[in-house]
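The figures that follow rest on heavy atoms only: side chains count, while hydrogens, waters and symmetry mates do not. First listed ligand is number 1; within each ligand, the first listed atom is number 1.
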Amino acid sequence: MSQVGHKGPARSGARQTLNYRLMASLQKNIVILISGTGSNMVAIARAAQKQAWQQKWGVRVAAVISNNAAAGGLTLAKDLGLATEVVPHKSFESREAFDAALMARIEPHAPALVVLAGFMRILTPGFVQHYAGRLINIHPSLLPAFTGLNTHQRAIDAGCRVAGTTVHQVTSELDQGDILAQAVVPVLPGDSADTLAARVLTQEHIIYPQAVRDFFERGV
Ligand code: GAR
């Protein structure tokens with residue numbers, strides 16, 4: 001009896017371990033990097049929940065990591081039940097050292113996709129190379145126009161009639177990777193950088209979750 005009793009749980013324990021291993025191999029983890037408000041992160045996490053990405057494709061947001069402990073998005077992520085981590089870039093003497101520490105926090109999640117969502121750090125070529133093909137960003141302009149910062153004011157100053165946003169693969173050249181999705185908004189008379197940014201952001205919340213979903217639907 002005791003032998004049977006002993007073997008039963010041991011076998012089921014081994015089976016459970018196997019199940020975890022299998023789940024881990026089937027699981028497709030997303031790691032989202034943020035620096036601030038985190039509204040795009042929320043849009044992606046909500047889409048994942050509402051559209052049952054986990055059940056359909058084994059896709060889940062495994063962690064939200066910020067370089068800024070004060071990022072409002074960290075609270076929003078916790079409210080959504082997501083694991084959060086902070087790697088404060090100011091604690092590191094070089095970009096390389098920061099990126100190495102960031103990678104050390106990302107790697108345990110074995111991410112199928114790393115999503116930059118308002119992550120305001122330039123990443124080193126080594127980091128970008130490591131995640132090549134599974135590292136995407138959203139940039140608030142119609143790339144290839146207006147790479148870099150202050151995109152909305154620059155679009156207004158240039159007299160653009162339309163502006164927008166771009167989801168793209170990240171390469172070692174700033175805002176230059178393959179375009180995955182874009183959305184266009186009008187630039188209206190009297191727009192400020194803030195009003196234009198708000199209009200662009202509403203479109204980002206639509207195209208970024210869709211682009212992430214497309215990435216996994218392609219079966220990557
Ligand atoms: C978004 O508009 C995103 O396009 C932009 O920061 C904002 C982040 O908002 N990203 C960049 O400028 C990257 N160069 P969020 O924190 O609310 O998602």
Side-chain angles (χ1 to χ4, degrees), residues 30-49 61 63-80 82 84-89 95 98-99 102 113-124 127-128 131 135-158 160 162-187 191-213 215:
I30 300 172
V31 172
I32 305 182
L33 306 186
I34 64 168
S35 296
T37 315
S39 68
N40 279 291
M41 173 274 298
V42 169
I44 292 165
R46 287 217 178 111
Q49 285 172 355
V61 178
V64 174
I65 304 178
S66 180
N67 62 308
N68 169 18
L74 288 169
T75 309
L76 299 178
K78 283 179 199 148
D79 289 347
L80 286 166
L82 300 173
T84 62
E85 298 180 43
V86 177
V87 184
H89 67 272
R95 275 188 198 281
F98 168 67
D99 281 9
L102 188 58
L113 184 65
V114 177
V115 172
L116 308 183
F119 186 69
M120 305 306 280
R121 301 289 306 163
I122 292 176
L123 294 161
T124 54
F127 183 101
V128 171
Y131 294 108
L135 180 60
I136 64 174
N137 180 44
I138 191 157
H139 180 77
S141 79
L142 291 171
L143 290 174
F146 306 122
T147 60
L149 297 174
N150 302 320
T151 54
H152 306 299
Q153 191 59 53
R154 286 159 63 207
I156 292 167
D157 292 347
C160 294
V162 294
T165 182
T166 305
V167 178
H168 63 96
Q169 296 271 7
V170 176
T171 61
S172 48
E173 280 184 80
L174 184 69
D175 302 327
Q176 297 288 332
D178 284 355
I179 290 171
L180 302 174
Q182 283 186 311
V184 179
V185 301
V187 179
D191 256 342
S192 66
D194 286 347
T195 58
L196 181 55
R199 195 173 306 121
V200 167
L201 202 58
T202 61
Q203 294 304 308
E204 295 194 329
H205 297 165
I206 297 167
I207 68 164
Y208 212 6
Q210 185 61 52
V212 172
R213 185 187 160 131
F215 180 90

Subject >> With Asp175 via salt bridge (Lys or Arg N to Asp or Glu O under 4.0 Å) - residues at least two apart >> reply: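 Here no residue qualifies.
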Subject >> For Arg213, all residues meeting salt bridge (Lys or Arg N to Asp or Glu O under 4.0 Å), sequence neighbours excluded >> reply: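 Per chain and number, Arg213 pairs via salt bridge (Lys or Arg N to Asp or Glu O under 4.0 Å) with Glu217.
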Original post:
Taking only residues two or more places apart in sequence or in another chain, which ones pass ring-ring contact (aromatic ring centres under 6.0 Å, His included) with Phe119?
Top reply: none
Subject >> Taking every non-hydrogen atom, the tightest pair across Thr124 and Arg95 >> reply: CG2-CB, 3.7 Å
Original post:
Can you name the residues that come within less than 4.0 Å of ligand 1, going by heavy atoms only?
Top reply: Thr37, Gly38, Ser39, Asn40, Gly118, Met120, Ile138, His139, Pro140, Leu201, Glu204
Subject >> pair Arg121-Leu102: side-chain heavy atoms closer than 4.5 Å >> reply: no
**OP:** For Asp178, look at atom CG and say whether over 12 heavy atoms of other residues, nucleotides or ligands are found less than 6.0 Å away.
**Re:**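 Not buried by this count: 12 neighbours or fewer within 6.0 Å.
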